[in-house]
Amino acid sequence: RAYGLARMPAKTAEVLRGLSPRLFDQPMVVFGGTALFAYELGAGVLASARLVEDDHLILLTLGRDLHPNGISAAYTATAGEDASMTRRGDRTIFRVPGFPPIEVWRTEYVLNHLDGDHLDVLRSALACKPVTGLTVARDGQPVEFRTLDVRTYAMAAQALAGDGDALWAD
């Protein structure tokens, strides 16, 4: 904590720890502001607080669709209460009161923001092996999770920013 690295919200860390076994067995990675925590230790630089202040957790599926019941069951077990589920196109959102919502995005949600050569490059990058990230939560405990290689993350975020989404415009 003394180095300012214990920044991940405790509830987000609790959810990630509960989902972790499932995340490592599935073609799914952490995306969005939460993923930036994984890059801080390796880079030796803290991500802007504005970029990591997500009030939700984004998981990106890689390749095939995942059955939502597995995520719902793991989230319910972690939170101790049944998770509600809402589908919105290529996104599925899970909610439990008192915990950050989890958004599960199909790869197509990101790819649909591109066309031509950019689409092919990002599709190839998303096919690369995910990296294992490590950070420290505000509760002082480590949190390990899988995320995209930092270069793939940057390309995906740029694709979403090109669509005018304020979350990704930074």
Side-chain angles (χ1 to χ4, degrees), residues 1-66 68 70-72 74-75 77-79 90-94 96 99-111 121-161 165 167-170:
R1 284 188 224 171
Y3 295 104
L5 292 176
R7 300 184 328 131
M8 179 182 281
K11 288 285 188 182
T12 301
E14 187 178 342
V15 170
L16 275 175
R17 288 184 195 116
L19 291 176
S20 190
R22 187 160 306 282
L23 288 175
F24 282 100
D25 290 341
Q26 301 290 333
M28 181 170 40
V29 294
V30 174
F31 191 64
T34 304
L36 296 176
F37 289 120
Y39 308 128
E40 290 181 334
L41 288 175
V45 177
L46 299 179
S48 164
R50 205 168 117 221
L51 294 176
V52 297
E53 65 185 11
D54 280 355
D55 60 350
H56 60 289
L57 180 61
I58 299 172
L59 303 176
L60 180 66
T61 64
L62 301 176
R64 63 182 173 81
D65 281 341
L66 300 176
I71 297 168
S72 182
Y75 195 24
T78 300
D90 288 328
R91 300 181 304 154
T92 303
I93 302 162
F94 298 91
V96 172
F99 285 83
I102 298 175
E103 287 191 39
V104 179
W105 294 0
R106 292 181 56 220
T107 305
E108 288 75 15
Y109 180 73
V110 177
L111 295 175
V121 170
L122 184 55
R123 188 183 314 275
S124 295
L126 288 169
C128 293
K129 184 178 178 183
V131 298
T132 300
L134 179 67
T135 192
V136 179
R138 290 182 189 153
D139 62 8
Q141 298 299 310
V143 182
E144 184 179 45
F145 57 93
R146 287 186 342 162
T147 189
L148 299 173
D149 174 86
V150 68
R151 295 162 294 200
T152 304
Y153 179 95
M155 286 189 284
Q158 183 63 37
L160 292 167
D165 187 336
L167 172 66
W168 302 103
D170 295 328

* **Exercise: identify the closest heavy-atom pair between Ala13 and Ala137** => CB-CB, 3.4 Å
* **Shortest non-hydrogen contact from Ala35 toward Phe145** =>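 Looks like CA-CE1, 4.1 Å.
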How long is the straight-line distance from [atom2] of [Y] back to [atom1] of [X], given to the nearest 0.5 Å?
X	Y	atom1	atom2	value
Arg138	Lys11	CZ	NZ	13.5 Å
Thr107	Met28	OG1	CE	11.5 Å
Ile102	Leu59	CD1	CG	6.0 Å
Arg123	Met155	CZ	CE	13.0 Å
Thr12	Leu16	OG1	CG	7.0 Å
Thr147	Leu134	OG1	CG	13.0 Å

* Parallel, tilted or perpendicular: ring planes of Tyr153 versus Phe31, cut at 30 and 60 degrees -> tilted
Is [Y] close to [X] at the side-chain level, that is, under 4.5 Å between some pair of heavy atoms?
X	Y	value
Val15	Val96	no
Thr34	Ile58	no
Tyr109	Leu60	no
Cys128	Asp149	no
Leu148	Tyr39	yes

* Keeping the roles fixed (side chain from Arg17, backbone from Val143), state whether a donor-acceptor pair exists under 3.5 Å. => no
* Asked: Short question: side chain of Thr61, backbone of Trp105 - any donor-acceptor pair under 3.5 Å?
  -> yes
* Asked: With sequence neighbours left out, what residues match Asp90 under side chain to side chain donor-acceptor pair (under 3.5 Å)?
  -> Arg106, Asn112
* To do: Could you tell me which residues satisfy salt bridge (charged side-chain N to carboxylate O under 4.0 Å, His left out) with Glu103, sequence neighbours excluded, listed by chain and number?
  =>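 If we apply the salt bridge (charged side-chain N to carboxylate O under 4.0 Å, His left out) test to Glu103, skipping adjacent residues, the hits are Arg91.
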